[in-house]
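Predicted model only: the values in this text are computed from it and were never measured. So that the names make sense, note that chain A is the first sequence line, chain B the second, and so on, each numbered from 1.
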Amino acid sequence: MTTTGKSRSGSDRGEAGNDSKRYTPANIEKKWQAKWEKDGIYNAADHVEGKENFFSLVMFPYPSGDIHMGHWFQYSGSDAYARFKRMQGYNVMHPQGFDSFGLPAENAAIEHGEDPREWTYLNIENSRRQFREMGGSYDWTRELVTSDPEYYKWNQYFFLQFLKNGLAYRKDGQVNWCPKDQTTLANEQVKDGVCERCGTIVVKRALPQWYFAITKYADELLNFDQIDWPEKIKTMQTNWIGRSTGTTIGFDVSEFASGEQIDTFTTRIDTVYGVTFVVLAPEHPLVRKLTQPSQKEAVEAYVANAALQTEIDRTSTEREKTGIATGAYCINPLNGERVPVLIGDYVLATYGTGAVMGVPAHDQRDFIFAKKYDLEIRVVISPPDWGGGELDEAWIPAGTQVNSGEFDGLPSREGFDAIADKIEANKWGERTITYHLRDWLISRQRFWGTPIPIVYCDDCGTVAVPEKDLPVLLPDSLKFEADGKSPLTKDPNFLNTTCPDCGKAAKRETDTLDTFVCSSWYHLRFASPNPSEDPFDDDQIRAWAPVTAYQGGSEHAVMHLLYSRFFNMALRDLGYVDFDEPYTKLTNQGMLIKDGKKISKRSNPLPPDPVVEKHGADTLRCYLMFLGPWDQGGDWSDSGINGITRWLGRIWDVAQRDESVLGSSGSDEAERDLERASHLTTQRVLADMELFKFNTSIAALMEFTTKLMRSHDSGDVSAASWRAGVDRLLLHTAPLAPHIAEELWERTGHSGSIHLALNPEFDESLTTSDTITLAIQVQGKLRDQIEVPAGIDEASAIAAAKSAENVIRHLEGMAIVKEIYVPGRLVNIVVRPAN
RNA sequence: GGGGGAGUGGCGAAAUGGCAGACGCGCAUGCCUUAGGAGCAUGUGCCUUAACAGGCGUGUGGGUUCGAAUCCCACCUUCCCCA
């Protein structure tokens, strides 16, 4: 830094205390943050006479260290919206908390031997400070921390209610297993197929896991009628749920395994006469029974290899499909044909029935597979003009049934139903609806989470912990040790307990709940933060829920946002709430990236504290909101922040100008002009804020700021209308830059917080002017612009257009074909050469 | 592999069927200043032109329309999420 620079900033600091002329964020931001908190102006009462409640919720953060710039992006926008709604006259509740269970705390424990609890609560402390420095309008009396026993107790309680009502169950699931460490691994702990710690190749292994029965709600989750959500989120959820209608059909294998059949599911039963092979997933239970002695060795090797592959690899279309014969055959019930049974790792045991029928002529994957293994390709849906020759690729579209026995000649669309009817009549299978959605696996083999309240007793089996014994507490000390096992599995005080039923010695469940359970109902606890005997108070839920407006990233489209909807529907059916959907309106903010990549504490850091220190919280908030459309995110760069610094400096300057230099009345034209700008600004800002278009709101306010400066400079507006304009500017700026707006509100003689004031109003009739500029096009190309009276009729507009100088030139030698007038906007004259 | 976005000046962007580039950054020139990493004013898509004016222009190729950044079809690039 140069000497000049140093002395300048030094003098800034020196003057700051008494020179109120200069905008110095550090001098005002802390002051107002303290005052707002002391006065509790953002604390929401459950009922306020004459005001409608508005629950404005933003997805709460995971406290992984600093609140980073991405959080600032998210929370600046959502806070501006909550403030805007408050100024619209709503009784706004805008809570904040911490989603504090989860893997990063465990990683800190694993890497640095820290206690995840200490690590987490230290981070929370730091995050609270940053939230305050942001100037968020949060109601901190409602704060919740999901790793507090008062909170996770209710996760356990809901788990038990779900268990009682058939919505929670335990069954075998595939987990990552490290054979050396003898432990399960989270997906994140598997790097390139090997154990993160010891480098051993990780295998898939079946272990009992807990599930929530979300698939019971698959159809209701497909219905979005009651909620105002972005189309893209609804599309993602719809695709994720993946409802498809089709037919199951069994292929008899009793020749090789008595009494058994292979169940397959297909959406194209019309092609069933074209089945020339059947493929099983390597994990399919029939694999062992069907494999013939000659194939045994090869099949075992193939199955072992498949266990090492990820699903990505196995289902990738880039990779060549592989398969291996079992040596067994099955019978196609439709035509009695005997077709080979193969094993292919591109078939997943967890999807559908874990077996597919191979129809190479009408499925491209099967086609390539059949070519490779020299299997028959039989056309059963004839393409139009098909001469009976070999196909170059699978024919997917509809056609005419051929080689399909009694169904030959039918259009395949009719063949679909006719064949399905026959299958159902003969009880070979039935029409079925399947979903891509699977039940929600809630077991985590981790230690920083909600303990699942279950006890295993040798005599009584799986026993639920009685509600009166909740919460099942996490042990105080959770030190991770080098063997890779969860501390819960080794802590005798936690592990050893007595059976609630028979009183004998028993072991606790050591799995913890997925952290998405915490976030599935946290909004209800915000609405009702205090009860200790119930998860929440019904009257408070009625006052606030469902959430009026919810904001968060679209990366949660198919996990959190689907789980929460399921959770709400389940709670409704169990009698806890009386509404169907948890979040009425959803808005996604985009992702803030830096240098083209996601911001991350480790690999791509961007700490906000230095920026706040240099420019102030208001400047940073506005800059982030000005970067671009909030719902599309933005690419951070330091270069533009000066624009916001200048703008706030100009507001600071204009608001404190001496109005006594202006007269008690101004010129008609200038008054009218300022009035129009004022009402137009309010119209634009109110509309844009409602749509989370903060960038264009700020652009409108920048223009208005300039307008007010010029009006004052020119001196031809009245003091009263100029001052009213300044008030309007401050009120609109308040949600975006809350500290400076509050400071200037006070300095310009107002009493009470600007944040409890109401938005200005506008009169649309005052936003228009007497004349408009019409664009004149010839052949759709702009040729001139003319000034005309605002209410001009079509004929006069076209006449005026035709007499514009530059237009005359372009009409020369042309015959007019058509004249188009778009009221208030343009005239387009369509011509052709006049012979 | 599946799913969802996004491509517009040197840069962030605006405009959702009607004047492409509002607003801001940066840059240039000028004013003010002992000074400027301050402030103010003016200009700034590219090409041709002394000027008037004209041509080109919203990732690429096609289409619909009097008129397309915007709607439709195909493709390319890129980001995010899930497995």
Whether A:Arg825 contacts B:rG17 is assessed here as follows: a side-chain N or O lying under 4.0 Å from the phosphate OP1 or OP2. Is that the case?
no
Just N and O in the side chain of A:Asn695: are any of them under 4.0 Å from OP1 or OP2 of B:rA14?
yes
Short side-chain to backbone donor-acceptor contact, A:Arg825 and A:Ala775, under 3.5 Å
no
Looking only at atom types and distance, does a side-chain atom of A:His71 sit under 3.5 Å from a main-chain N or O of A:His68, one as donor and one as acceptor?
yes
Please map the stems of RNA chain B, keeping only stretches of three or more Watson-Crick or G-U wobble pairs with both distances under 3.5 angstrom.
B:1-7 with B:76-82, B:10-12 with B:23-25, B:26-31 with B:39-44, B:45-48 with B:53-56, B:59-63 with B:71-75
Backbone of A:Val831 reached by a side-chain donor or acceptor of A:Gln779 within 3.5 Å:
yes
Over-ring placement of A:Arg565 relative to A:Trp229, 6.0 Å and 45° cut-offs:
yes
Pairing donors with acceptors under 3.5 angstrom, does anything connect the side chains of A:Thr215 and A:Tyr435?
no
Keeping the roles fixed (side chain from A:Asp631, backbone from A:Gly590), state whether a donor-acceptor pair exists under 3.5 Å.
no
Give, ordered by number, those residues of residues 773-788 of chain A having at least one heavy-atom distance below 4.0 Å to an atom of RNA chain B; if nothing qualifies, reply none.
A:Thr773, A:Ala775, A:Gln777, A:Lys781, A:Arg783, A:Gln785
When every nucleotide of nucleotides 26-34 of chain B is labelled 5' to 3' by its protein contacts under 4.0 Å (heavy atoms), B for base, S for sugar-phosphate only, - for none, what sequence of letters results?
S--------
Looking at B:rC79, I'd like to know if its phosphate oxygens (OP1 or OP2) sit under 4.0 Å from a side-chain N or O belonging to A:Lys594.
no
Determine the Euclidean distance between corresponding P atoms of B:rG59 and B:rA68; express it in Å to zero decimal places.
15 Å
Phosphate-side-chain proximity, A:Asn239 and B:rG4, N/O vs OP1/OP2 below 4.0 Å
yes
Sidechain-backbone polar pair: A:Ser76 side chain, A:Phe73 backbone, donor-acceptor under 3.5 Å:
no
Any donor and acceptor pair, going by atom type alone, linking the side chain of A:Thr767 with main-chain N or O of A:Leu680 inside 3.5 Å?
no
Atom P, compared across B:rU48 and B:rU33: separation rounded to whole Å:
40 Å
A:Asp658 backbone acceptor or donor facing A:His712 side chain under 3.5 Å:
yes
For B:rG3 and A:His436 - does any side-chain N or O of the residue sit under 4.0 Å from the phosphate oxygens OP1/OP2?
no
Residues A:Ser769 and A:Arg676: side-chain donor-acceptor under 3.5 angstrom
no
Using a strict 4.0 Å threshold on nitrogen-to-oxygen distance, state whether A:Asp784 and A:Arg809 make a salt bridge.
no
Under 4.0 Å between a side-chain N/O of A:Asn806 and OP1 or OP2 of B:rG54, yes or no?
yes
Taking the P atom of each, how far is B:rU58 from B:rA20, in whole Å?
12 Å
